[in-house]
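Please read the structure below before turning to the comments.
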Amino acid sequence: MQTLKTEKSYTRGDWQGGYKSLTEEFDYEIDNVEGEIPPELQGTLFRNGPGLLDVNGQYIHHPFDGDGMISRISFVNGRAHFRNRFVRTEGYLAEQQAGKILYRGVFGTQKPGGWLANIFDFKLKNIANTNVIYWGGKLLALWEAAEPHHLDPHTLATLGKEYFNGVLSTGEAFGAHPRIDPSCEQDSGAPCLVNFSIKPGLSTTITIFEINPDGKVVRQHAHSVPGFCFIHDFVITPHYCIFFQNPVTFNPIPFALGIRAAGECIKFQPNQPTRMIVIPRQFPAGETKVKILETQSGFVFHHANAFELGDEIVIDSICYESLPEVEPESDFREVNFEAISPGQLCRFHLNLQDSTVRQEMISSRCCEFPSINPEVVGRPYQYLYLCAADQPTGNAPLQALLKIDLKSGEKQVWSAAPRGFMSEPIFVTRPGAKKEDDGWVLALVYDAAHHRSDLVILDASNINQGAIARLHLRHHIPYGLHGSFTYR
Ligand code: 3ON
Ligand code: FE
């Protein structure tokens with residue numbers, strides 16, 4: 001008889017610790033540091049994610065419904081300072097004052113009182129929890145179904161909502177995954193932020209915004225595509241924006257009747273193709289129109305990068321065999337990791353001449369949160385950083401940092417297992433760098449042994465060697481979503 005190794009790299013109890021709320025707001029110099037913070041590392045790391053997993057003891061149904069909390073770690077001359085603050089959204093303020101859940105969430109949170117308390121309530125709570133960027137002289141907290149919140153970059157105080165000089169209207173969506181073109185052809189090589197918004201329905205409107213370094217919307221164009229879309233992320237190249245239309249359908253009836261949340265009415269369709277929507281960035285000046293290509297069914301939240309190669313667009317993405325449905329009666333803390341399919345790194349080759357798509361698996365290891373050197377966005381690139389499972393097979397929590405050399409196939413791993421849990425890595429360029437991986441990778445690691453989080457700094461060119469500095473925070477930070485680094 002064969003004995004199967006069933007030992008896991010984690011315990012469920014440890015993993016669950018990272019999903020406790022953090023109610024306090026801190027402001028301190030980080031004095032508990034192992035190793036040395038590189039003195040050339042200067043600037044500010046901003047991170048966003050759900051800070052509250054409950055409202056005064058009432059559990060929210062899914063972490064994606066949690067109120068946005070910004071963490072800010074600034075580095076000056078080898079010293080680091082920490083600050084965190086909740087985004088003062090209307091919903092956060094109202095619920096904190098009331099001491100109870102007042103809004104339905106997209107991912108299953110319902111107002112207490114059953115369907116009668118939720119029926120015909122279509123209000124969205126803009127929770128500002130997905131990403132945070134510094135652009136156009138403004139710090140913006142993003143949530144893809146509504147407008148950004150504008151924050152003070154030093155105090156993290158909420159200053160209001162951002163409409164880009166009237167370009168957005170009240171409540172209008174603005175994606176949480178902007179891409180920065182490091183050298184925009186249409187702007188004589190100046191950097192440009194590219195983002196999108198989704199207005200779903202029987203057909204879906206995708207609007208593209210290009211915003212210059214002064215924060216001005218310099219190009220904007222809208223396109224209607226057939227069918228419902230749930231699009232969380234996209235990729236750019238110098239000439240295109242590319243969106244994956246995952247094969248899903250939306251049945252609004254249980255949502256309207258107060259039985260299910262909007263996100264719980266999205267159903268994955270394993271027998272329908274994934275569509276790739278290719279929109280020229282020069283639209284409508286360019287002569288080409290929107291192209292739609294098709295490939296096999298699958299689900300993608302996040303893309304790593306894309307680039308043009310002759311007639312092809314190459315796209316690297318984290319692919320799931322299916323979208324696990326958010327179940328109304330389930331508790332996300334009790335998820336059975338082994339029962340769901342892992343995210344895996346795939347490369348898609350879109351041939352724009354004959355409209356075919358070729359797909360290959362680059363790494364089958366369970367992974368999420370891809371990240372790259374900002375200088376190679378939309379260009380051919382060599383190095384990719386990701387969160388990954390500790391073990392090379394199976395589905396499990398993200399405990400490791402994985403670096404993939406896409407040219408040689410070499411992989412480097414640093415794992416925080418058994419008691420550490422990894423969050424999105426952020427690449428920071430070393431001043432004067434000549435090589436793509438000359439810099440650092442910054443990531444928050446939840447340390448279950450001390451119920452606190454560490455900011456780890458790794459040498460991006462040598463991940464195997466492990467952290468060169470570990471900054472112990474005085475508390476934990478709930479598992480987050482996305483963030484960014486500004487060199488000031
Ligand atoms: O699609 C329609 C339009 C739209 C924008 C309908 C809709 C209501 C579903 C909608 C809203 C979408 C929203 C609000 C999406 C928010 C997503 C979010 C907050 C996070 C997504 C995270 C994705 C991943 C893959 C996270 C993974 C995390 C781990 C593996 C571990 O922590
Ligand atoms: Fe995301």
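As the structure lists them, so they are numbered: ligands from 1, and atoms in each ligand from 1. All figures in this text were calculated on a predicted structure; none of them were measured in a lab.
- A heavy-atom separation below 4.0 Å is not found between Phe250 and ligand 1.
- At a 4.0 Å heavy-atom cut-off, ligand 1 touches Tyr19 through the side chain alone.
- Partner Tyr446 forms a side chain to side chain donor-acceptor pair (under 3.5 Å) with one of Arg419, His476, His451 and no other, that one being His451.
- Using a 4.0 Å cutoff on heavy atoms, Phe421 does not count as a contact of ligand 1.
- Shown here, atom 28 (C) of ligand 1 is in close reach of the protein: a heavy atom of it lies under 4.0 Å off.
- Distances from atom 24 (C) of ligand 1 to the protein include at least one heavy-atom value under 4.0 Å.
- Using a non-hydrogen distance threshold of 4.0 Å, Ile266 registers as a contact of ligand 1.
- Gln391 and Ser9 are not linked by any side-chain donor-acceptor pair at a separation below 3.5 angstrom, with hydrogens and angles left out of the test.
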- Under the ring pair (Phe, Tyr, Trp, His ring centres under 6.0 Å) rule, what do Phe174 and Phe164 come out as? Steps first, then yes or no, please. CA-CA 11 Å; Phe174 189 72; Phe164 301 103; 5.0 Å; yes
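- No side-chain donor-acceptor contact under 3.5 Å links Asn126 and Thr89.
- Inspection of the Tyr381 and Glu436 side chains reveals no N or O donor paired with an N or O acceptor under 3.5 Å.
- Ile266 has its side chain within reach of Phe228: a pair of non-hydrogen atoms, C-beta onward, lies under 4.5 Å apart.
- Residue-level proximity to ligand 1 for Phe230 is carried by backbone and side chain together, each with a heavy atom below 4.0 angstrom.
- Scanning all protein heavy atoms for the shortest distance to atom 30 (C) of ligand 1 gives Leu398 CD1, 3.8 Å.
- Nearest protein heavy-atom contact of atom 19 (C) of ligand 1 is Thr130 OG1, 3.4 Å.
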- Task: Any chance you could lay out the salt bridge (Lys or Arg N to Asp or Glu O under 4.0 Å) test for Asp67 and Arg88, step after step, and finish with the verdict?
- Result: CA-CA 9 Å; Asp67 288 310; Arg88 264 52 179 185; over 6 Å; no
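- For the pair NE2 of His482 and NE2 of His232, the angle whose vertex sits at the Fe ion (ligand 2) is 160° to 10 degrees.
- Among protein heavy atoms, atom 12 (C) of ligand 1 sits closest to Glu144 OE2, 3.6 Å.
- Residue, atom and distance of the protein heavy atom nearest to atom 8 (C) of ligand 1 are Val106 CG1, 3.9 Å.
- His62 and Phe332 have tilted rings, their planes meeting at an angle from 30° to 60° on a 0 to 90° scale.
- Contact atoms of ligand 1 toward Trp143: 14 (C) (distance under 4.0 Å to a heavy atom of the residue).
- Checked against a 3.5 angstrom limit, the closest N/O atoms of Cys229 and ligand 1 fall inside it.
- In this structure, Tyr92 and Asn129 have side chains that are not in contact, with every pair of non-hydrogen atoms separated by 4.5 Å or more.
- At least one heavy atom of Pro200 sits under 4.0 Å from some atom of ligand 1.
- For atom 22 (C) of ligand 1, the nearest non-hydrogen atom from the set Phe301, Phe107, Phe64 comes from Phe64.
- Residue contacts with ligand 1, taken as heavy atom pairs separated by less than 4.0 Å, involve Asn129 solely via side-chain atoms from C-beta onward.
- When hydrogens are left out, the protein atom nearest atom 6 (C) of ligand 1 is Phe228 CZ, 4.0 Å; that is the closest non-hydrogen contact.
- Side-chain atoms of Tyr320 and Glu368 include a donor-acceptor pair closer than 3.5 Å.
- Under a 3.5 Å cut-off, the side chain of Asn131 and the backbone N or O of His177 do not form any donor-acceptor pair.
- Between Ser317 and the options His303, Gln359, His302, Arg347, a side chain to side chain donor-acceptor pair (under 3.5 Å) holds for only His303.
- Regarding atom 11 (C) of ligand 1, its nearest protein heavy-atom neighbour is Ala145 CB, 4.0 Å.
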